[in-house]
S.K.: 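Submitted below is the structure of interest, expressed as structure tokens.
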Amino acid sequence: MVDTTISTITCSGFSFSQNPINTSHLSSLQKLSKPKWSCISFSLTDLYFPSPRLLFGNGRHLKTSYSPKVSSQSLSTIPVPSKNYEFLDGSSEVELRLQLGGQNIQSTRDIFVDANGTSLTIKVQHSGSLTTLMETNHLFDKIKPAETIWYIDDDELVINLKKQDPELKWPDIMESWESLTLGSMQLLKGASIYIVGDSTEINQKVAQELAVGLGYTPLSTKELLETFAKQSIDSWLLAEGSDSVSEAESAILQSLSSHVRAVVATLGGQQGAARRAGKWRHLYAGFTVWLSQTEATDEDSAKEEARSHIKDGRLAYSNADVVVKLQGWDTDHTKSVAEGCLSALKQLILSDKKLPGKKSLYIRLGCRGDWPNIKPPGWDPSAGDDVSPSGF
């Protein structure tokens, strides 16, 4: 089984998760007034909790720090109007211009800028008290804090932040739904996304939200199968059983494996092909997100559950690149879950920028089931593993 990264996000009010490659994600949401729900996500390698706590690690060694709770929608707090700034990506650095009109700044000593890796806080002192102009615990990507410079230009505060990754284009200063959809398009390079999990309904709703945000084509294997069979999945199950439905969905997935720029919602439950380990050959053609129900009530138990699934490996869903665990479900928060999925996929791809290219190569070589250790052209799965992996 593929090594995995774990990455999870917990947000107050809403909850979503994200995760990287060889990582597992866990993100648990706090209780809402109604209904009760939370979200956790895993991949195969690192752990990430933007709020209220942050965990990073390689599965064996974890470091923990604490940060204040943030909104799941913007992951930032801007007390003044949200578009009181201009943002420019200048390749190796980004520039933020923040309007100071009406602040009555007497001296540069009245301005406080604190940049720290993936966070940014800007405060001004006025009439003896500090006012927060901008605070975000989640910049779009990492910066080099020691190289941050700022100055006042007329009535604007200009802040230059040096990017850790000059090749990554920043759509905005913060990681939000809007910036994630724009940023994910550049990272995915057209690779499709497959949503798997036990609930067909949840798979469909999250896939639809992701497709709209990315400008991808939304596809549902349930709808495709029912159109083909001219009967409902429930009727099909009663007439021919789950094995027949699973085989048919596997054939659909084979056909879709060569498609690009699509978000595919798969069948949930025992009839779903993704529930069966032998049916993942064509799912590997895209990035897979597992939406999983959980009884976990906190990050620690969710993390352990994720690790247990991945280590055990008997549940085929654990082959997914990203895992998002949900405690309950509310359609009102579909976008929050989709946002977490994209954030996780972003981390996954940034951990290995060759992944989209490898997915494309895997498709071109015929989706032979040799993911992630792609064998040379002409490799025959029936011949065994005596041929050494290619150096792609």
Side-chain angles (χ1 to χ4, degrees), residues 41 177 180-182 184-185 187-237 242 244-276 279-292 316-317 319-324 326 329 331 334-335 337-342 344-345 348-349 355-356 359-360 362-364 366-367 369 371:
S41 73
W177 174 248
L180 275 171
T181 51
L182 290 172
S184 296
M185 285 190 283
L187 293 170
L188 287 167
K189 299 186 186 323
S192 292
I193 298 173
Y194 295 87
I195 307 298
V196 304
D198 277 330
S199 172
T200 301
E201 177 191 359
I202 296 176
N203 295 348
Q204 288 178 313
K205 291 187 179 300
V206 174
Q208 176 70 27
E209 195 73 54
L210 285 170
V212 171
L214 292 170
Y216 273 27
T217 301
L219 296 171
S220 164
T221 57
K222 177 179 183 290
E223 293 177 359
L224 292 171
L225 287 168
E226 289 181 339
T227 299
F228 166 76
K230 294 181 173 57
Q231 63 177 327
S232 69
I233 295 297
D234 289 340
S235 298
W236 193 340
L237 286 170
S242 61
S244 174
V245 175
S246 177
E247 285 296 328
E249 186 186 27
S250 185
I252 292 288
L253 291 172
Q254 179 178 359
S255 177
L256 296 178
S257 66
S258 59
H259 284 51
V260 296
R261 297 180 179 85
V263 183
V264 182
T266 64
L267 286 176
Q270 293 291 343
Q271 70 269 21
R275 186 70 180 265
R276 308 177 183 215
K279 303 296 184 184
W280 272 74
R281 175 176 166 184
H282 295 98
L283 284 168
Y284 291 132
F287 288 98
T288 48
V289 179
W290 173 18
L291 303 180
S292 171
Y317 292 140
N319 290 318
D321 298 303
V322 172
V323 183
V324 179
L326 307 174
W329 170 249
T331 56
T334 302
K335 180 175 286 187
V337 178
E339 184 178 340
C341 294
L342 282 185
L345 287 171
L348 174 65
I349 296 173
L355 275 174
K359 294 285 187 182
S360 177
Y362 179 76
I363 294 170
R364 296 198 304 273
C367 298
W371 181 266

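Along the sequence shown, the residues carry numbers beginning at 1. Worth saying up front: this structure is predicted, and the values here are computed from it rather than measured.
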S.K.: With rounding to the nearest 0.5 Å, note down the distance linking OG1 in Thr221 to CD in Gln271.
M.R.: 9.5 Å
S.K.: State, with a plain yes or no, whether a side-chain heavy atom of Leu283 is found less than 4.5 Å away from one of Asn319.
M.R.: no
S.K.: For the side chain of Asn203 and the backbone of Gly197, is there at least one donor-acceptor N/O pair under 3.5 Å apart?
M.R.: yes
S.K.: Which residues satisfy the salt bridge (Lys or Arg N to Asp or Glu O under 4.0 Å) test with Glu201, sequence neighbours excluded?
M.R.: none
S.K.: Mind checking the OG1-CD spacing from Thr266 to Gln204? Nearest 0.5 Å is all I need.
M.R.: 9.5 Å
S.K.: Which pair of heavy atoms, one from Ala262 and one from Leu219, lies closest together, and at what distance?
M.R.: CB-CD1, 4.0 Å
S.K.: When you look at NZ of Lys279, are more than 12 heavy atoms from neighbouring residues, nucleotides or ligands closer to it than 6.0 Å?
M.R.: yes
S.K.: Tell me every residue that passes ring pair (Phe, Tyr, Trp, His ring centres under 6.0 Å) with Phe287, counting only those two or more places apart in sequence or in another chain.
M.R.: none
S.K.: So, Tyr216 side chain and Ala191 main chain: donor-acceptor pair closer than 3.5 Å or not?
M.R.: yes
S.K.: Should Thr217 and Arg261 count as side-chain neighbours, where that means a heavy-atom distance under 4.5 Å?
M.R.: no
S.K.: Applying side chain to side chain contact (heavy atoms under 4.5 Å, CB included) to Leu225 and Leu267, what does each step give before you reach the verdict?
M.R.: CA-CA 10 Å; Leu225 287 168; Leu267 286 176; 3.7 Å; yes
S.K.: Could you tell me which non-hydrogen atom of Leu188 sits nearest to which non-hydrogen atom of Pro356, and how far apart they are?
M.R.: O-CB, 3.6 Å
S.K.: What distance separates Thr331 OG1 from Glu209 CD, expressed to the nearest 0.5 Å?
M.R.: 10.5 Å
S.K.: Between OG of Ser184 and CG of Leu182, what distance do you get to the nearest 0.5 Å?
M.R.: 9.0 Å
S.K.: Given Val324, which of Ile202, Val289, Val206 fulfils the side-chain contact (heavy atoms from CB on, under 4.5 Å) condition?
M.R.: Val289
S.K.: Please find the pair of heavy atoms, one from Ala248 and one from Trp236, that lie closest to each other, and give the distance.
M.R.: CB-CH2, 3.4 Å
S.K.: May I ask you to test the Trp280-Thr288 pair for a side-chain heavy-atom distance under 4.5 Å?
M.R.: yes
S.K.: For Ile195 versus Leu291, what's the shortest heavy-atom pair and its separation?
M.R.: CG2-CD1, 3.5 Å
S.K.: List in chain and number order the residues that pass salt bridge (Lys or Arg N to Asp or Glu O under 4.0 Å) with Glu226, two or more places apart in sequence or in another chain; answer none if no residue qualifies.
M.R.: Lys222
S.K.: Between Ser250 (side chain) and Ser246 (backbone), is there a donor-acceptor pair under 3.5 Å?
M.R.: no
S.K.: Got a donor-acceptor contact below 3.5 angstrom from the Arg276 side chain to the Ala316 backbone?
M.R.: no
S.K.: Are the side chains of Leu224 and Glu249 in contact, using a 4.5 Å heavy-atom criterion?
M.R.: no
S.K.: Where is the tightest heavy-atom contact between Ala320 and Trp290, given as atom of each residue plus distance?
M.R.: CB-CB, 3.7 Å
S.K.: Nearest 0.5 angstrom please: Asp321 CG to Tyr284 OH, how far?
M.R.: 9.0 Å
S.K.: Work out which heavy atom in Ser242 is nearest to a heavy atom in Leu237; give both atom names and the distance.
M.R.: CA-CD2, 3.5 Å
S.K.: How many angstroms lie between atom CD1 of Ile363 and atom CH2 of Trp371, to the nearest 0.5 angstrom?
M.R.: 9.5 Å
